[in-house]
Peer 1: 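Shown below is the structure under consideration.
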Number of protein chains: 2
Amino acid sequence: MSDKRKIAEAVITRLSIYNRALGEIGKEGLEIISSDELGNRIGYSAAQIRKDLSCFGEFGEVGKGYFVQDLRDVISHILGVDRKWNVALAGAGHLGSALLAYPGFKQWGFNIVAVFDNDLAKIGKKWESIVIQDISELAKTVKEQDIRIGAIAVPPQVSQEIVDMFTSCGIRAILNFATASITVPEGVKLRNVDLATELECLSYFLTNEAEVRSEVLGKIKNSSGEGG
Amino acid sequence: MSDKRKIAEAVITRLSIYNRALGEIGKEGLEIISSDELGNRIGYSAAQIRKDLSCFGEFGEVGKGYFVQDLRDVISHILGVDRKWNVALAGAGHLGSALLAYPGFKQWGFNIVAVFDNDLAKIGKKWESIVIQDISELAKTVKEQDIRIGAIAVPPQVSQEIVDMFTSCGIRAILNFATASITVPEGVKLRNVDLATELECLSYFLTNEAEVRSEVLGKIKNSSGEGG
DNA sequence: GTATGTGAAGTAATTCACAGCT
DNA sequence: AGCTGTGAATTACTTCACATAC
């Protein structure tokens, strides 16, 4: 297929997951894999995987499956992760410092090349070889360092301000860790990592679904069954 | 409505967002709000909000709107966040330590009461008033401390092991920060916080959608329009 | 007049199922 | 025989629009 029509965000999310799984599978030495096998490993249906891939082209060998390395290269290219991206981080608190120290980012090709804060005690300090800058230097640094992605790890009260600063200096992709409802202009992609919501979903499940199940389990004693 | 039929996870996610917004609105002193106003603030449609709420009951005043505090209490109860939850954290690396130090969790009612690691250099050390334990003590501690939620911040290679340990000692709700495809038994709720996927979605957007748009913007020069 | 709650309508996402290729 | 790619069918989700209540 591979027309240029709107691809659902859920498809992209899954592509990323397929890609990671393919990496693991490749390390195991497997050269070819069917949509069925891949699906079993990561908990998606074979049909789902084939449909998702069909948005972008035909990458499989009929009767055989997908060449692991080839498919990985294709998906990496689709996702745009066959290159490096420079990232600016706003907020040098607990979360910010953990993100900076976390080796995953660089490993995946996302380099945090600048960190900003408004705390005078922090500005000028060196962290993981990066000097924390005053937020007022944002626009200049974004231009100089070709930064395309902004990460936000500031208190909720100031998160919208940071978003506005990011977008007004040309950043079109934002990863937000602040627990606040922020808005971005048309043409800017925002992804929220919302720990409060994640925990609250778990809380809902424990309160409304798991308990019911455990009552049932209690009644049928201890048959170790997960059947549902 | 409020029947006991299956509620979509997306609904729960939004309830959490409505709840946070209601908190902010309450602080501003507003006592009553319509679904329309609430929707405008957080970027959802009024119909969506009303439909979501209708899964659980009728909480509004026809012709007026919703009493902010009342609705907040109702949603908090639905989500099960009108109580405290004890959380076990596996992994005392960079990310784990940031999570532990992060004040949000406790503030939202999720107390990290135990931390586990397999690094002998870390075990026994005190962190934020919690002594890091060997992972072998997990089952005992989970029981003693009435821990219901497990958070995973370990390297991907061992994440499935931790999941299995958590589930086999009765934990039914897991927040996973490890970038790995893990599976849980039926009856256990897993939420993934997947930074690699989040970043890759942004990368996809920049590669496939934002660039196209900026070409268009380039052609029409600088009309500042966001028109979609 | 105003805003809820909700069937009905309309979209979107997923799964089915099979023709067609190797 | 085995597995992809994809229309068709199904299921899930969202929006519409209005009767109803204040």
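FYI, side chains are in, hydrogens and waters are out, and symmetry mates aren't considered; it's all heavy atoms of this structure. Nothing here was measured: the structure is a model prediction, and the numbers come from that model. Proteins get letters first, then strands, A, B, ... in listed order; numbering begins at 1 in each.
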Peer 1: Sort and list the pairs that fulfil side chain to side chain donor-acceptor pair (under 3.5 Å) and have at least one residue in residues 192-201 of chain B, not counting sequence neighbours.
Peer 2: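 Residue pairs passing side chain to side chain donor-acceptor pair (under 3.5 Å), neighbours aside: A/S16-B/T197, A/S16-B/E200, A/R20-B/D194, A/R191-B/E198, B/N176-B/N192, B/D194-B/T197.
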Peer 1: State which of D/dT15, C/dG5, D/dA8 makes the closest approach to the side chain of A/K51.
Peer 2: D/dA8
Peer 1: May I ask you to evaluate whether A/R50 reaches the phosphate of D/dT4, defined as a side-chain N or O under 4.0 Å from OP1 or OP2?
Peer 2: yes
Peer 1: Under the salt bridge (Lys or Arg N to Asp or Glu O under 4.0 Å) definition, can you give me all pairs with a residue in residues 76-88 of chain B, not counting sequence neighbours?
Peer 2: none
Peer 1: State which of C/dC21, C/dC16, D/dT15 makes the closest approach to the side chain of A/V62.
Peer 2: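 Out of C/dC21, C/dC16, D/dT15, the nucleotide with an atom closest to A/V62's side chain is C/dC21.
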Peer 1: Name all pairs fulfilling the side chain to side chain donor-acceptor pair (under 3.5 Å) condition that reach into residues 149-164 of chain B, sequence neighbours left out, sorted by first residue then second.
Peer 2: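 Only B/Q160-B/D164 qualify under side chain to side chain donor-acceptor pair (under 3.5 Å).
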Peer 1: Residues of residues 24-45 of chain A with any non-hydrogen atom less than 4.0 angstrom from an atom of DNA chain D: list those, numerically ordered, please.
Peer 2: A/S34, A/S35
Peer 1: Can you give the donor-acceptor pairs under 3.5 Å from side chains of residues 105-114 of chain B to other protein atoms, not counting sequence neighbours?
Peer 2:
none

Peer 1: Phosphate oxygens OP1/OP2 of D/dT15: is one of them under 4.0 Å from a side-chain N or O of B/Q48?
Peer 2: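 The answer is yes; a side-chain N or O of B/Q48 sits under 4.0 Å from OP1 or OP2.
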Peer 1: Which pairs count as salt bridge (Lys or Arg N to Asp or Glu O under 4.0 Å) when at least one residue sits in residues 60-79 of chain A, sequence neighbours excluded?
Peer 2: none
Peer 1: When you get a sec, tell me which of D/dG5, D/dT15, C/dC16 is the closest nucleotide to the side chain of B/A47?
Peer 2: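 Between D/dG5, D/dT15, C/dC16, the one nearest the side chain of B/A47 would be D/dT15.
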Peer 1: Of the residues in residues 8-16 of chain A, which ones touch DNA chain C at a heavy-atom distance under 4.0 Å?
Peer 2: A/A8, A/R14
Peer 1: Can you pull out the residues from residues 63-74 of chain A that lie within a 4.0 Å heavy-atom distance of DNA chain D?
Peer 2: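 Within residues 63-74 of chain A, the residues near DNA chain D are A/G63, A/K64, A/G65, A/Y66.
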Peer 1: Of all residues at least two apart in sequence or in a different chain, which pass the salt bridge (charged side-chain N to carboxylate O under 4.0 Å, His left out) check with A/K189?
Peer 2: A/E9
Peer 1: Return the set of residues passing salt bridge (charged side-chain N to carboxylate O under 4.0 Å, His left out) with B/R50 (not counting sequence neighbours), or none when no residue passes.
Peer 2: none
Peer 1: Restricting to ring-ring contact (aromatic ring centres under 6.0 Å, His included), what partner residues turn up for A/F59, sequence neighbours left out?
Peer 2: none
Peer 1: Please list, chain by chain and in numerical order, all residues satisfying ring-ring contact (aromatic ring centres under 6.0 Å, His included) with A/F67, sequence neighbours excluded.
Peer 2: none
Peer 1: Is there a side-chain contact between A/L175 and A/V193, using heavy atoms and a 4.5 Å cut-off?
Peer 2: yes
